[in-house]
Chemist: 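The structure is given below, and queries will be raised subsequently.
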Amino acid sequence: MTISNTPSARTAGTATAYWTVGPEQGELRTEDLPAPGPGEALVRSLYSGISKGTEMVVHHARVPDCVADAMAAPHQEGSFPGPVKFGYLSVGVVEAGPAEWQGKTVFCLHPHQDRYIVPVTSLTKVPDGVPARRAVLTGTVETAVNALWEAGPRLGDRVAVIGAGLVGGMVAKLLAGFPLERLQLIDIDPAKRAFADTLGVEFSHPDDAADDCDIVIHCSASQAGLERALKLVGDEGEIIEMSWYADRSISLPLGEDFHARRLSIRASQVGVVARARRHRRTTADRLNLAVSLLRDPVFEAFLTGTSRFEELPGVVQRLSDGTLDALCHVIEYPHTTETTR
């Protein structure tokens, strides 16, 4: 869909965005961009990140109808299954808007788009010392922060994280700074050991993982992984379930020792601030904390490739069919210049 490229006095020209237009079909579309109003900013994108788990669910048109509204991204357009403009890991520079925001590098929970207008309340300033490219991870760090607020690890706890993907690795990286007795990052892929080593976390295959855990955080999005979590958690321990299964049905052996050992499974979802912090932290507080943590250069290990914006439809398809492997694949926009402002 192409709309006129002639800007009017009430527009800021045009923008190009990525849309999912059908199951396993995506394309770039051009649209008119309105001029920013009071309290709004015009952002020129530098980078965006592909959140592979959720975005692949959208790409395959597998968002269940019953949660379609709840799963909508903050600045999404269209609706599931499509056409829909979806995504939430965007970093750019404010080109117009309130004076105190102009020229600032910002993170925004916005779909893949080269220029966009949003309220400044939707923006998180990227602090000094955080490269713009790395800042695309802000939304994933926020997810991990929320999970740790949910889990509430204590001094000397024994903790396992199952699934060494983007989210699992992020959770393990943050947990590595806690005074735990034991922390293991667990995955069936032995090649993930090098990734765990980079994060400074002990790696284990599921068959070799230590049991009697106080907390198990499950991030593998697999039935086998959740079943293993039930075996690794200790009596009266808790499993924090971070996986989203979309429209898949999962079976669990709850007829074995689940009741006898008084185990708990609790969901963590980033849509709202964890209850333990909800009365004292806002989503803006959570995002500011997340982006500040990205000063640590070890987070570069999560950025596993870069492609140009015009290549995005093909990149999404390659992630979908498995010909491209990635934790967070970065999309680079035209005229990108690195900044840490």
Side-chain angles (χ1 to χ4, degrees), residues 51-58 62-74 80 86 88 109 139-154 157-175 178 183 185-187 206 213-259 261-283 286-287 289-290:
S51 181
K52 190 170 78 167
T54 304
E55 293 195 49
M56 291 305 100
V57 170
V58 174
R62 288 176 43 206
V63 177
D65 291 340
C66 62
V67 294
D69 290 341
M71 293 308 301
F80 303 118
F86 185 84
Y88 48 84
L109 296 165
T140 310
V141 178
E142 181 194 21
T143 300
V145 167
N146 207 57
L148 297 191
W149 285 353
E150 297 273 12
R154 294 173 173 85
D157 271 0
R158 297 182 290 268
V159 181
V161 179
I162 298 178
L166 178 60
V167 172
M170 198 72 73
V171 170
K173 166 64 183 78
L174 298 188
L175 280 169
F178 281 66
L183 171 63
L185 180 57
I186 299 167
D187 202 280
C213 294
D214 299 289
I215 302 169
V216 177
I217 301 178
H218 181 238
C219 310
S220 80
S222 70
Q223 179 172 315
L226 188 50
E227 289 177 353
R228 191 65 183 138
L230 289 170
K231 296 298 183 184
L232 296 181
V233 72
D235 292 357
E236 301 197 45
E238 186 169 54
I239 297 165
I240 303 297
E241 176 57 272
M242 296 189 69
S243 304
W244 186 43
Y245 299 94
D247 59 357
R248 288 183 292 147
S249 296
I250 301 296
S251 299
L252 289 178
L254 301 183
E256 297 180 1
D257 56 357
F258 178 78
H259 286 279
R261 297 205 295 122
R262 298 176 61 84
L263 305 182
S264 300
I265 302 174
R266 186 151 55 95
S268 176
Q269 203 274 339
V270 74
V272 295
V273 173
R275 182 165 52 185
R277 295 292 179 271
R278 197 171 301 161
H279 297 293
R280 295 175 299 282
R281 303 290 190 279
T282 65
T283 53
R286 191 175 60 184
L287 279 165
L289 171 60

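This is a predicted model, so every value here is computed, not measured.
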Chemist: Could you go through the side chain to side chain contact (heavy atoms under 4.5 Å, CB included) check for Leu183 and Val161 one step at a time?
Modeler: CA-CA 8 Å; Leu183 171 63; Val161 179; 4.2 Å; yes

Chemist: Rounded to the nearest 0.5 Å, what separates atom CD in Glu238 from atom CD1 in Ile217?
Modeler: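 Reported value, rounded in 0.5 Å steps: 9.5 Å.
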
Chemist: Would you sort out whether Trp244 and Val67 count as a side chain to side chain contact (heavy atoms under 4.5 Å, CB included), showing the intermediate values?
Modeler: CA-CA 11 Å; Trp244 186 43; Val67 294; 4.2 Å; yes

Chemist: Tell me, do Leu230 and Ile265 make a side-chain contact under 4.5 Å, heavy atoms counted?
Modeler: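 Contact flag for Leu230/Ile265 side chains = yes.
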
Chemist: Under 3.5 Å, is there a donor-acceptor pair between the side chain of Arg266 and the main chain of Glu150?
Modeler: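 Such a contact is found between Arg266 side chain and Glu150 backbone.
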
Chemist: Please name the pair of heavy atoms, one in Cys213 and one in Ala160, separated by the smallest distance, quoted to 0.1 Å.
Modeler: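 Heavy-atom minimum between the residues: SG-CB, 3.9 Å.
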
Chemist: Output yes when a side-chain donor or acceptor of Ser220 lies under 3.5 Å from a complementary backbone atom of Gly163, and no otherwise.
Modeler: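 A pair under 3.5 Å: no.
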
Chemist: Do you know which two heavy atoms are closest between Pro253 and Glu227, and how far apart they sit?
Modeler: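 Shortest heavy-atom contact: CD-CG, 3.7 Å.
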
Chemist: Just by modelled atom types, is the Gln223 backbone N or O under 3.5 Å from a matching donor or acceptor in the Arg248 side chain?
Modeler: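 No, the answer is negative, given that no donor and acceptor are paired below the 3.5 Å cut-off.
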
Chemist: Using 0.5 Å steps for rounding, measure from the CD atom of Glu236 to the CG atom of Leu263.
Modeler: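 It comes to 9.0 Å.
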
Chemist: Crowded around Arg262 CZ? As in, over 12 foreign heavy atoms under 6.0 Å?
Modeler: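 Open.
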
Chemist: Do the side chain of Arg281 and the main chain of Ala274 share a donor and acceptor less than 3.5 angstrom apart?
Modeler: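 No, because the side chain of Arg281 does not come within donor-acceptor range (under 3.5 Å) of the backbone of Ala274.
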
Chemist: Mind checking what makes side-chain hydrogen bond (donor to acceptor under 3.5 Å, both in side chains) contact with Thr143, not counting sequence neighbours?
Modeler: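 Per chain and number, Thr143 pairs via side-chain hydrogen bond (donor to acceptor under 3.5 Å, both in side chains) with no residue.
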
Chemist: Just how far is it from atom SG of Cys66 to atom CE of Met71, taken to the nearest 0.5 Å?
Modeler: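 Separation between the atoms: 11.0 Å.
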
Chemist: Heavy-atom count check: over 12 atoms from other residues, nucleotides or ligands less than 6.0 Å from Arg278 CZ?
Modeler: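 Yes, CZ of Arg278 has more than 12 neighbouring heavy atoms, counting only those of other groups under 6.0 Å.
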
Chemist: For Pro153 and Leu148, work out which heavy atoms get closest and say how close.
Modeler: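 Looking at all heavy atoms of both residues, the shortest contact is CD-O, 3.6 Å.
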
Chemist: Where is the tightest heavy-atom contact between Ile162 and Gly225, given as atom of each residue plus distance?
Modeler: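 Scanning both residues, the minimum pair turns out to be CD1-O, 3.6 Å.
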
Chemist: Spell out, as yes or no, whether a donor-acceptor pair under 3.5 Å connects the side chain of Arg158 to the backbone of Asp214.
Modeler: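 No.
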
Chemist: Report yes if the side chains of Tyr88 and Thr54 come closer than 4.5 Å at any heavy-atom pair, otherwise no.
Modeler: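 Side chain of Tyr88 against side chain of Thr54, heavy atoms only: contact under 4.5 Å found.
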
Chemist: Rounded to the nearest 0.5 Å, what separates atom OG in Ser251 from atom CG in Leu226?
Modeler: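 The distance works out to 10.5 Å.
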
Chemist: Any idea which heavy atoms bring Ala151 and Ile215 closest together, and the distance?
Modeler: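 Closest approach of Ala151 to Ile215: O-CD1, 3.7 Å.
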
Chemist: Can you give me the closest heavy-atom contact between Tyr245 and Ala221, atom names plus distance?
Modeler: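 Of all heavy-atom pairs spanning Tyr245 and Ala221, the closest is CE2-C, 3.6 Å.
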
Chemist: Report the distance from atom OG1 of Thr140 to atom NZ of Lys52, rounding to the nearest 0.5 Å.
Modeler: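 Spacing of OG1 (Thr140) from NZ (Lys52) equals 12.5 Å.
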
Chemist: Quick one: pull up CD in Glu241 and SG in Cys219 and give me the separation to the nearest 0.5 Å.
Modeler: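 Output value for this atom pair is 8.0 Å.
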
Chemist: Output yes when a side-chain donor or acceptor of Arg286 lies under 3.5 Å from a complementary backbone atom of Val272, and no otherwise.
Modeler: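 Here the side-chain-to-backbone pair exists.
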
Chemist: Keeping Arg62 on the side-chain end and Ala246 on the backbone end, is there a donor-acceptor pair under 3.5 Å?
Modeler: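 It does not hold such a pair.
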
Chemist: Would you call Val273 and Thr282 a side-chain contact if the rule is heavy atoms closer than 4.5 Å?
Modeler: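 SC-SC contact between Val273 and Thr282 ruled out.
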
